[in-house]
Amino acid sequence: LYLPSLMKAQSRWRDMPDELSKTMKLFSLQGEYLWSQYHGTFYAKGQNLSRRCRQAYDAKLKEYDIIIMPTLPYRAPEIPKKDCDMDTYIASALGMVANTSIFDLTGHPALNLPVAKVDGLPIGMMMVSKHYNEAEIYRAAYAWEQNHDWRKVN
């Protein structure tokens, strides 16, 4: 579903580049460079890979209603300070999408749910389901929340 009003709002990003995050600027520049140098080769490869990933998740979701996985494959790091160096900023931002970004490509509905804490930081459980099956994730998440208080699990 594409909302014309959202598309119009997003089209104005060129008018306010200072409001974009550092990671957005980095990926915009990187994407422009790769497109100009390699003429969409890497984009095409990425699109082909995303189709294979979608098929692999679709196959597993024929066997299971929901896939449960950690939101991050490691403990969440501290948020970097505002004045941190660029390498720290980028590493922190990119490190947070290890298990989540694939679903931006495959389109599978995914939901993060806090389930515990370690050293005061939340640990997330991600639920993934079939396309157009968000209701099942909501029911499972609600059932989990009714039976577990993640703030008390360390």
Side-chain angles (χ1 to χ4, degrees), residues 1-3 5-7 9-10 13 16-17 19-34 42-154:
L1 175 67
Y2 283 89
L3 301 173
S5 59
L6 178 60
M7 299 303 286
Q10 288 179 336
W13 70 268
M16 48 187 144
E19 294 182 33
L20 298 175
S21 69
K22 294 174 187 176
T23 50
M24 181 66 194
K25 290 175 188 177
L26 172 69
F27 282 120
S28 295
L29 289 171
Q30 181 184 31
E32 182 60 33
Y33 172 79
L34 290 172
F42 292 110
Y43 178 79
K45 288 182 177 188
Q47 288 299 309
N48 292 338
L49 183 57
S50 72
R51 287 181 179 89
R52 284 194 293 181
C53 291
R54 179 178 172 146
Q55 291 168 352
Y57 277 101
D58 285 345
K60 280 297 167 195
L61 287 164
K62 285 182 181 175
E63 298 176 47
Y64 304 99
D65 294 328
I66 293 176
I67 297 172
I68 303 289
M69 59 194 291
T71 303
L72 291 176
Y74 48 81
R75 196 185 107 200
E78 295 285 337
I79 296 174
K81 305 229 181 293
K82 271 192 162 188
D83 60 347
C84 70
D85 62 87
M86 185 61 81
D87 288 342
T88 301
Y89 180 88
I90 298 297
S92 175
L94 298 183
M96 293 295 163
V97 298
N99 283 356
T100 60
S101 62
I102 189 65
F103 303 110
D104 294 333
L105 299 174
T106 68
H108 290 92
L111 178 140
N112 173 57
L113 189 65
V115 294
K117 286 193 298 186
V118 172
D119 297 330
L121 296 171
I123 302 294
M125 170 175 69
M126 190 163 57
M127 298 179 176
V128 181
S129 189
K130 299 173 183 85
H131 290 96
Y132 310 107
N133 201 26
E134 290 86 349
E136 186 142 14
I137 295 176
Y138 296 148
R139 284 192 296 275
Y142 180 76
W144 179 273
E145 286 180 328
Q146 297 308 300
N147 293 290
H148 300 87
D149 184 355
W150 69 274
R151 292 170 205 86
K152 295 180 180 174
V153 179
N154 287 312

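By convention here, the first residue in the shown sequence is residue 1.
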Tyr74 atom OH, over 12 foreign heavy atoms within 6.0 Å: yes
Which donor-acceptor pairs under 3.5 Å do the side chains of residues 94-108 make with protein atoms, sequence neighbours left out?
unit_1: Asn99; atom_1: ND2; unit_2: Pro70; atom_2: O; d: 2.8
unit_1: Ser101; atom_1: OG; unit_2: Val97; atom_2: O; d: 3.1
unit_1: Thr106; atom_1: OG1; unit_2: His108; atom_2: N; d: 3.4
unit_1: Thr106; atom_1: OG1; unit_2: His108; atom_2: ND1; d: 2.7
unit_1: His108; atom_1: NE2; unit_2: Asp58; atom_2: OD1; d: 2.7

For Asp119, side chain to side chain donor-acceptor pair (under 3.5 Å) partners two or more places apart: Arg75
Minimum heavy-atom distance Lys117-Gly120, with the two atoms named: CD-O, 4.1 Å
From CZ (Arg54) to NE2 (His131), nearest 0.5 Å: 3.5 Å
Straight-line distance of Asp85 CG to Ile90 CD1, nearest 0.5 Å: 10.0 Å
Closest contact, heavy atoms only, Asp65 versus Ser129: O-OG, 3.2 Å
Heavy-atom closest contact (Ile137 atom, Pro109 atom, distance): CD1-O, 3.3 Å
Single hit among Thr71, Ile66, Leu113 for side-chain contact (heavy atoms from CB on, under 4.5 Å) with Met126: Thr71
Gap separating the CG atom of Asn147 from the OH atom of Tyr142, nearest 0.5 angstrom: 10.0 Å
Distance in Å, Lys25 NZ paired with Glu19 CD, rounded so as to fall on 0.5 Å steps: 10.0 Å
Spatial distance of atom CG (Asn112) from atom CE (Met125) [nearest 0.5 Å]: 9.0 Å
Atom NZ of Lys45: over 12 foreign heavy atoms under 6.0 Å: no
Met16 atom CE, over 12 foreign heavy atoms within 6.0 Å: yes
Straight-line distance of Leu111 CG to Glu136 CD, nearest 0.5 Å: 12.5 Å
For Lys60, all residues meeting salt bridge (charged side-chain N to carboxylate O under 4.0 Å, His left out), sequence neighbours excluded: Glu63
Ser92 side-chain N/O to Thr88 backbone N/O, donor-acceptor pair under 3.5 Å: no
Ile79 atom CD1, over 12 foreign heavy atoms within 6.0 Å: no
Met86 backbone acceptor or donor facing Lys22 side chain under 3.5 Å: no
Nearest heavy atoms of Val115 and Trp150, plus distance in Å: C-CB, 3.3 Å
